[in-house]
Amino acid sequence: MGQSHIHESARAQVAGAAHYIDDLPEIKGTLYAAPILSTVAHGTLNGVDATAALALPGVRGVVLAQDVPGDKTLAAFAHDEPVFAAGTVQHIGQVIGLVVADSVMQARRAARAVQLDITPLPAILSVHEALKNHSFVLPPVFVRRGDADQGLAQSAHRLQGAFEVGGQEHFYLEGQIAYALPLEQKQWWIYSSTQHPGEVQHWVAHALGIDNHAVRVECRRMGGGFGGKETQAGHLAVWAAVAANKLGRPVKLRLDRDDDFMVTGKRHPFAYEYDVGFDDTGRITGLQLQMAANCGFSADLSGPVADRAVFHADNAYFLENVEIASYRCKTNTQSHTAFRGFGGPQGVIVIEAILGDIARALGRDAQDVRMANLYGTTERNVTHYQMAVENNILHALLPQLERNADYRGRQAEIAAWNALQPVLKRGIAITPVKFGISFTATLFNQAGALVHVYTDGSVQVNHGGTEMGQGLNTKVAQIVADELGVPLHRVLVTASDTSKVPNASATAASSGTDLNGRAAQYAARNVRDNLASFVCGLDGCGAGAIRFEGGQVISPKTVRPFDDVVKEAYANRIQLWSDGFYRTPKIHYDKTTLTGRPFYYFAYGAACTEVVIDTLTGENRVLKVDILHDVGHSINPAIDIGQIEGGFVQGMGWLTTEQLVWNDKGYLATHAPSTYKIPATGDIPAHFKVDLWPEANREDNVGGSKAVGEPPFMLAISVYEALRNAVAAGRSGVDAAAPVVLIAPATAENVLKALGRLGD
């Protein structure tokens, strides 16, 4: 641990030898499925005519709701989403059924030949319509601390505002896919590109009406997930399994990119309204905040996503008198789902925007306003959900980044530039992040692992996490290698498999290494202790005197190769495998009141970003990025820096180029790379510097590390704030103290609107 090692699949991926589900050899008799999609946002489904489709070459059958042998509603926690639409359709792209054929293209052509009889019904397509019609997937949630009304009334200054941030398509390289193989005696083997094999197992068993133990789910790796394969991979597995059950043949279902866009959910778009009071230093004295999440047609994970947005509406700042209203709006669009940050970004961005507006209103530097509002270390250090903020390092980290990036000097240079340049305006901003690490649903904070040491001294590890490119398996292998004192190349981490580690939580909430790494460490420690006890019996010493280092077992009397000790231990019937289990300590949370300690610890960081906008065209570019981020004692610095860079760029895309557009019929017009623009290599700033905060995690976490998957995403909010500062410099005929209303993403059109040069 602590060393930069290459990703365990890197060589295989470069050589094209790393297998994803569509690369696996197919069982004889495999059929291929394609979805039948609703063409109406909301309507009554009167009938499905598959006559033309069934007449096409190679078509083997059509699968509809009546073909589901078990529960026709998916086993999601809200129990509000059908396996296949029946009776009504709720969004354009909702899956009504499947066509199954001998080839992929035969199935896709036939699916488009199916005739649907749908009577349109009124559709709700925005959060504003949903709020007006009280259309919610879950009840609203309210969190209060202090007296917001009194705080506002007594404030020296007061501002009101409203703005919106859009959703985001996951755009994983490997699309959604499942391969369902019926086995003997009503058993099943499911290959699924999923972040949560245990949930896929449960959902498939539920839909087929069988016990969980009859379903085995395997996932060696995903070509990206970002939250989009936490729940929604389960849909494809269920659909494929229902088709395979009906036809008695293996069935593979792989969505093409267009269908993936139309079928699957996105990051939740949010709309905000706020009323904030503050003093002459910019310190917030009262806040009323309304957050309305566009959840789509079903709950999916919208409840915990919206909850985390509430938890992170403070970001790094103490809110003494605050009232937050969270609305979970039901619309006739795709059911939105988990996405990197899981509601955290939608919470963090609103408080950062408010602080930016406060700074403008007072004519103060936003960095000073942010510092004035930071959580304290001994006072003003309890969140609005009653968790103490311990080990807050931002009072040291933010000034360090300010110095590293020469923020004050560049701020002066930018002001001078903007005074002289009539068209191009620059902006700079520093924003911090304080991100809670743990699943907010306490029961998911557990993990298991198996470690097997074979008689040749090689080691195999299996754990409940999934590898989606983030380097989880590499880190787990490093942890186990250190625990056993063997070279890293002697440790192999195998595919996630529900038949090996049962009931595993999703690989999400940035907790993959925290949970599974610790469980694997405990399993390896059990084997090591068995070997140590054996050696101390040979050498007549205490087990604590035995050391495992550099592929050797060292006692006070002698040094033995690890491989030799393993062989001799096996000959003496010593157990060479073990399980390990870990549950996150200290956490507790009351979901009815949204209070408690939902997080084991906080990860911190900050970014300084400089941008430029063209006030005539609305185009913008990120010029420079400096990041100082807290990963504790890094298990693998190269992987962690890669995650920080990738998370930042993905966040930058969310806030600048990635625009989801539904038309007035509820049709997603941006459903392909031609119309939906993720950041490309040309969007990466030439100056992109990442430094790691050197301090270990003060909580007892594996290797002294901290989670790194999600927190860096929110560092990109510095891009949004820098853009708003550039817009403020480019506005004419507008009070300099007025809030800058910039709808995200900051497309050219939205920048021009913010500048006042383009009407609504």
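All residue numbers refer to positions in the sequence shown, counting from 1. Only this structure's heavy atoms are used, side chains among them; waters, hydrogens and symmetry mates stay out.
The side-chain heavy atoms of Phe562 and Val453, taken from C-beta on, include a pair separated by under 4.5 Å. Within the 4.5 Å cutoff, no side-chain heavy atoms of Thr584 are placed close to those of Arg518. Residues Phe342 and Pro304 form a side-chain contact, since some pair of their non-hydrogen atoms from C-beta on lies under 4.5 Å apart. The shortest distance between side-chain heavy atoms of Lys500 and Thr494 falls below 4.5 Å.
Judged purely by atom type and a 3.5 angstrom limit, Asn697 has no side-chain atom pairing as donor or acceptor with the backbone of Lys706.
Checked against the 6.0 Å centroid threshold, Phe713 and Trp654 count as a close aromatic pair. Taking the six-membered ring for Trp and the full ring otherwise, Phe270 and His336 have centroids separated by 6.0 Å or more.
The local environment of CZ in Phe444 is sparse, with at most 12 non-hydrogen atoms from other residues, nucleotides or ligands closer than 6.0 Å. Surrounding CZ of Arg408 are more than 12 heavy atoms belonging to other residues, nucleotides or ligands, all under 6.0 Å away. The number of heavy atoms from other shown groups lying within 6.0 Å of CZ (Arg257) is above 12. The environment of CZ in Arg621 is sparse: at most 12 heavy-atom neighbours from other residues, nucleotides or ligands sit within 6.0 Å. For Asn503, the CG atom is loosely surrounded, since the number of other residues' heavy atoms within 6.0 Å does not exceed 12. Within a 6.0 Å sphere centred on CD of Gln13, heavy atoms belonging to other residues, nucleotides or ligands number more than 12.
In plain terms, the two heavy atoms of Ala447 and Ala519 that are nearest each other are O-CB, 3.7 Å.
Remark: Lys266 engages Glu169 in a salt bridge, criterion side-chain N to carboxylate O under 4.0 Å. In this structure, Lys434 does not pair ionically with Glu352, as no charged nitrogen and carboxylate oxygen lie closer than 4.0 Å. Salt-bridge formation is detected for the pair Glu721/Arg724: a Lys NZ or Arg NE/NH1/NH2 atom is positioned less than 4.0 Å from an Asp or Glu carboxylate oxygen.
A salt bridge (Lys or Arg N to Asp or Glu O under 4.0 Å) with Arg220 holds for exactly one of Glu8, Glu174, Glu467; it is Glu8. The ring-ring contact (aromatic ring centres under 6.0 Å, His included) test with His170 is passed by exactly one of Tyr676, Phe339, Phe261: Phe339.
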